[in-house]
Amino acid sequence: MNSSVRRVAVLGGVRIPFARQNGPYANASNQDMLTATLDALVEKFSLERETLGEVVAGAVLKHSRDFNLTREAVLGTRLDPATPAYDVQQACGTGLEAAILIANKIALHQIDAGIAAGVDTTSDAPIAINEDLRRLLLDLNRSRSNAERLRVITKVRPQQIVPELPRNAEPRTGLSMGEHAAIMARDWGLTREEQDELALSSHRKLAAAYDAGFLDDLVIPFLGLERDQNLRPDTTMEKLAQLKPVFGGEDGTMTAGNSTPLSDGASAVLLASEDWATKRGPPVQAYLTDAQTAAVDHVHRREGLLMAPTYAVPKLLERNQLSLQDFDFYEIHEAFASQVLCTLKAWEDPVYCRERLELEEPLGPIDRDKLNVHGGSLAAGHPFGATGGRIIAGLAKALADDTHGSRRGLISICAAGGLGVTAILEKP
Amino acid sequence: MSVRELSASPNMAAMFARAGAALIPGASRLPFVSGGAREIPDLTLALDDVAIDPDRLARYDRVCGFSLSDSVPATYPHILAFPLHLALMTNGSFPLPPIGLVHIANRITHHRRLRIGERLALRVWATGIEPHPRGRQFSIRTEARVADELVWEEASTNLRRGQGGGGGDAGPRGQHHRETGSLEPVATWALPGDLGRRYGSVSGDLNPIHLHPLGARPFGFRSAIAHGMWTKARCLAALAPGLPERFTLEVEFRKPILLPSTVEFLEAPRDGGIRFAVREAARGTPHLDGDWA
């Protein structure tokens, strides 16, 4: 057994344009989008008939019949059917976690190359039958006599026929993610203006990235859509200021403009050992050098639901002997503008850093010009499972393209359930 | 050869009405009802600028088992050309009325991948009537072009049972079936009773024989029968991942699938291509034999 740990190369990624809920992908299932995206990656890296070490992907909103979603998608691509696959799900951290899992197996010599992917549809969402009706149907299935069956059937009530749609709510608090984020925004004293400014900047940067051709080989058209449907290149502070608050009550600061919309889409990233990359030819764009997850108790300790990345990043920095300022790119997932701003304020706050993060000194501010330089989820949209792959592929390309001596990028993704997933990408 | 340029896809309801009229005894003497002439007319129908509707394609993909993508399945242009097929066969100068024809074979040549957003120019004509051991056969030929590039071709062969057949002792079809005895079953498909209605509503092929047992009984079937082109498309969906862009897909339709049914899909490599078949699961009744090359 080889006891050395080897470096993990990011060779590149692709995604389909992200669509808004019930938009052009309304008829597309998770499997359709994942298959098309994996196949686009196969084409980009000439992986036809190739047997890869593993394909790992996941979706947050998934029907139980899609238990083997990733494997079924692989069988629909031009990859060799002997390529193993499995599903993961870690809420909005799914895509990045998939990459970490692939990377760890490559680092430990268990596989040489693999694909990390993610997908989500909010249009073709799974619908569950009413929980009471489900229990009655199971009782019916267990019934042995007709009399018993009849007894079960008479318990069915008309209101039980109404199905259950998936809800964007935390099971233990009953609050939606937006309502949780609104509490964070209030606790940290965020203004409407600073949230709208971040949203505006996200749209401008993504539009500029499209105009500069940065996304030409990252985004593959799908079902007639060529750019992210949510992108508003011509939005302004005035237009954003007109939107009514949707979370945090009438005097709340969070709107549809500074929150991500429900979206549909998929992304995929190719990771490999250096040996595999050298033999096969594609240049190494970046190395995935380290990763860290964390979780907070948003139920009893009243920590903000989306604050877990603030806990993960200090651990990552300490292990790698880095300061927060040692990065040239910061990719902080814009679930809500308020999430990004709370995270940055927390890292600057001496009390928070001392009492919550147990740090002697605050991590300090970052150079905002290095934040989400090619736009973020506010502009692109956020199909939950697909965001990690979007960010990894964009950051790896930004590092590979950069000629100004950039060396390192930080990824920080918050997720439902008080989870956070973070990672470091470094230039070769 | 005379070419008739159409400005829009023909009205399917009107054509099915005309096709139905040909079943009425004596109606074929009317000038607008097919069945009057003896020879296939020297006529090509052409329709340009045919778009691929993403919603219709999505419904087609679902009912046939394809993954939804930007690529158009090789069997899809058939349903775009089908109104022209019907227009040709319901033309007053066409010798054989379309209802009651049996689709016995179909060959598609796929020159390259077609994508949503491309616009097709379709040309449809029929070849001459030939004798068949069980009647008379002819083929409808279709070509699809994008700009001037030939991207897709089809030969769809139909049989008119009885009526002056039997003369050809070595008919091109019906005598020597492909050897499919050695194929291994790889999948079982449960085909629902409403499959013909579902495929019919997507494809526009609303021939009553596919829709309901009441529509099928006058033609001697106890229940509705599956569309042959659905079965062919379902086979392609089963084979599709990993196929190169250029191929021919040739099938021979054997006994109709009486719906609902449970069938087996069989396949094996053969001469650098793939031989495949569909059989009834319990009794092994042959439904379709085919080759991908």
Side-chain angles (χ1 to χ4, degrees), chain A residues 14-17 19 22-43 46-52 55 65-66 69-83 85 119 121 123-124 219-226 229 264-266 268, chain B residues 50-74 76 110 112-120 146 184 186-190 198 201-202 233-247 265 267-269 272-274 276 292:
Chain A
V14 291
R15 65 181 177 95
I16 55 175
N22 299 322
Y25 304 167
N27 290 319
S29 67
N30 278 330
Q31 193 177 322
D32 291 328
M33 292 191 283
L34 184 58
T35 305
T37 306
L38 290 173
D39 222 31
L41 192 74
V42 165
E43 191 155 314
S46 304
L47 301 173
E48 292 88 353
R49 299 266 151 231
E50 191 80 31
T51 305
L52 294 181
V55 177
R65 69 170 166 251
D66 287 333
L69 171 67
T70 311
R71 173 63 181 152
E72 290 301 325
V74 165
L75 289 172
T77 70
R78 287 167 285 175
L79 284 171
D80 192 288
T83 301
V119 60
T121 171
S123 305
D124 188 42
V219 178
I220 309 299
F222 184 62
L223 303 185
L225 192 61
E226 295 186 353
Q229 195 188 7
D264 305 338
Chain B
V50 180
I52 293 152
D53 172 27
D55 288 338
R56 187 181 184 199
L57 179 63
R59 289 192 294 133
Y60 180 86
D61 286 342
R62 284 276 173 273
V63 74
C64 299
F66 292 101
S67 181
L68 201 61
S69 81
D70 275 19
S71 297
V72 177
Y76 187 75
H110 189 250
R112 73 155 168 85
R113 184 149 54 137
L114 271 172
R115 292 181 171 278
I116 290 179
E118 291 193 299
R119 289 181 171 268
L120 304 179
V146 174
E184 290 292 325
V186 296
T188 301
W189 302 332
R198 288 162 59 178
S201 78
V202 176
R234 185 66 190 85
C235 290
L236 178 63
L239 296 168
L243 295 184
E245 281 191 43
R246 291 171 58 91
F247 58 84
F265 175 68
E267 67 166 270
I274 303 167
F276 57 94
W292 178 91

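In the text below, chain A, chain B and the rest are named by the order of the sequence lines, each starting its count at 1. Since the model is a prediction, treat every value here as computed from it, not as a measurement.
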With rounding to the nearest 0.5 Å, note down the distance linking CG in B/Leu68 to CE in A/Met33. 9.5 Å
With a sphere of 6.0 Å drawn around CD of B/Glu245, does it hold more than 12 non-hydrogen atoms of other residues, nucleotides or ligands? yes
Portion of A/Leu75 that has a non-hydrogen atom of chain B nearer than 4.5 angstrom: backbone
Going from CG on A/Leu225 to CG on B/Asp70, what distance comes out if it is rounded to the nearest 0.5 angstrom? 9.5 Å
Which bit of B/Arg59 comes within less than 4.5 Å of chain A, counting heavy atoms only: side chain, backbone, both or neither? neither
One should read off an interatomic distance between B/Asp61 CG and A/Asn27 CG, to the nearest 0.5 angstrom, of 10.0 Å
side-chain contact (heavy atoms from CB on, under 4.5 Å) with A/Thr35: which of B/Ser67, B/Ser69, B/Pro241? B/Ser67
Look at atom CZ of B/Arg246 and say whether more than 12 heavy atoms of other residues, nucleotides or ligands are closer to it than 6.0 Å. no
